[in-house]
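Computed from a predicted structure; not experimentally measured.
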Amino acid sequence: GYPGTPMGALAVLRQILVDSARLNSGALRRSPDPDFSRLGPAIFVANGRRQIENVLDLLRDFAPDLPVVILGGYEAWLFADRLKQQNVAVLFEANFGEAMESEEDLKVKSSEERPYWQEPLGIREAIRLRHSESVAGFQRLREAGVKCALVPPKKGADWKDVCSQLKENGMSATDLWSASSVDVANVLNMQRIGKVKAGMGADFVIVTGDPGPEADIEWVFADGRGWEFEQADEDTDEGKEDGAKDSGDGEGANVDGTW
């Protein structure tokens, strides 16, 4: 259905923003204004440079004060200065895939012996460059001062590989943990999650080991109620079938103390 093209979608969005401005001006006042104060930021799914540029141009021309988050952001680092200037946040979807194998691992033949199916050197170098830029893109957004956070790729199984590549690119385990938890709450303006303190929602996990996908989950808390997870022995399968153990009476576990 309409709008089924980027041009149609942009036309609809422009008209919506123009109509909103006219309503706010009082020109078409027919009923009391709705209360939008509790709504979160508008989220635009945009990955390529043209998509991101369209979003930024749309906001600049029609809604410069609208709180906005870009979801995806594969090439958002190319517009880091504009994103910061226009106060647009990014939920960076770490979906850059696996790194291309080295020339040795690919068993590359010389140009004279190259089989028809082997990609030319120029193409291989371009693929490696594009991949390295995408891995470094999130760090570039952070260094530029863009409000951003990290979200897993569509395939959850790729998350471990994503974290490994980001660490190899210089991102610390602590920054990685923060970027994929507290920073997400901040970008989405979610007030009662992201910290362990009085007045916040009691939804969090307790892990052992370095933060990341290889950390062992010890406790999971939801609405103040805790479940303890027994770690399986490395040499046996004990504990795998038992799963989580409820903390008991449903009134929540006591987690007082020094953190």
Side-chain angles (χ1 to χ4, degrees), residues 34-45 65-73 76 83-84 86-95 138-139 141-154 156-160 162-164 166-167 171-231 239 242-259:
D35 181 11
F36 295 115
S37 62
R38 295 185 180 276
L39 293 179
I43 298 179
F44 289 82
V45 178
D65 298 324
L66 180 68
V68 167
V69 173
I70 288 178
L71 173 61
L83 289 164
K84 182 179 180 181
Q86 295 184 230
N87 197 29
V88 175
V90 177
L91 285 178
F92 187 89
E93 184 179 352
N95 196 26
F138 182 68
Q139 279 287 72
L141 289 174
R142 287 168 59 93
E143 292 169 359
V146 177
K147 190 176 182 178
C148 58
L150 193 64
V151 295
K154 293 181 176 63
D158 295 338
W159 183 234
K160 182 177 180 179
V162 164
C163 292
S164 297
L166 288 171
K167 286 181 180 179
M171 193 169 182
S172 70
T174 302
D175 286 345
L176 183 59
W177 188 266
S178 176
S180 56
S181 56
V182 178
D183 292 351
V184 176
N186 291 336
V187 165
L188 295 176
N189 197 27
M190 303 175 75
Q191 302 293 337
R192 296 191 68 251
I193 65 174
K195 295 180 180 179
V196 180
K197 59 181 293 187
M200 306 294 282
D203 303 313
F204 57 92
V205 296
I206 299 176
V207 302
T208 56
D210 291 334
E214 296 183 3
D216 292 326
I217 297 177
E218 299 288 345
W219 286 83
V220 173
F221 286 84
D223 292 329
R225 184 179 179 185
W227 289 265
E228 183 179 9
F229 283 71
E230 295 181 356
Q231 300 301 323
D242 293 335
K245 181 174 66 176
D246 197 328
S247 61
D249 56 11
E251 296 181 355
N254 187 347
V255 293
D256 292 339
T258 302
W259 291 73

- If every non-hydrogen atom of V69 is compared with every non-hydrogen atom of P41, which pair is closest and at what distance? CG2-CG, 3.7 Å

- Item | Backbone of L176 reached by a side-chain donor or acceptor of K167 within 3.5 Å | no

- Note on the structure: Distance col, row R142:CZ vs K147:NZ, nearest 0.5 angstrom, shows 13.5 Å

- Message: Give me the atom names and distance for the closest heavy-atom approach of A76 to L83.
- Response: O-CD1, 3.5 Å

- Message: If I take atom OG from residue S181 and atom CG from residue N186, how far apart are they, to the nearest 0.5 angstrom?
- Response: 9.5 Å

- Item | Working for side-chain contact (heavy atoms from CB on, under 4.5 Å), residues F221 and I206 | CA-CA 8 Å; F221 286 84; I206 299 176; 3.9 Å; yes

- Query: Below 4.5 Å, heavy atoms only, C-beta onward: do V207 and F229 meet side chain to side chain?
  - Reply: no

- Looking at L141 and C148, what are the two nearest heavy atoms and their distance? CB-SG, 4.0 Å

- Distance in Å, N95 CG paired with D158 CG, rounded so as to fall on 0.5 Å steps: 7.5 Å

- Item | Nearest heavy-atom neighbours spanning W159 and A94 | CZ3-CB, 4.5 Å

- Find out whether N189 and P67 are in side-chain contact, i.e. whether some heavy atom of one side chain is under 4.5 Å from a heavy atom of the other. no

- Query: Which is it for D223 and D203 under the side-chain contact (heavy atoms from CB on, under 4.5 Å) test, yes or no, and what are the steps along the way?
  - Reply: CA-CA 6 Å; D223 292 329; D203 303 313; 3.8 Å; yes

- Item | Atom pair OG/CE of S178 and M171 - distance to nearest 0.5 Å | 8.0 Å

- Report the residue from V68, I70, L188 that forms a side-chain contact (heavy atoms from CB on, under 4.5 Å) with I43. L188

- Message: Can you tell me if M190 has over 12 outside heavy atoms packed within less than 6.0 Å of its CE?
- Response: no

- Message: Let's go through V146 and F92 carefully: what are the C-alpha distance in whole Å and the side-chain angles of both, what is the deciding distance for side-chain contact (heavy atoms from CB on, under 4.5 Å) to 0.1 Å, and is it a yes or a no?
- Response: CA-CA 11 Å; V146 177; F92 187 89; over 6 Å; no

- Are V151 and L71 side-chain neighbours, meaning at least one heavy-atom pair lies under 4.5 Å? yes

- Note on the structure: Output for pair (D175 CG, L150 CG), nearest 0.5 Å, gives 11.0 Å

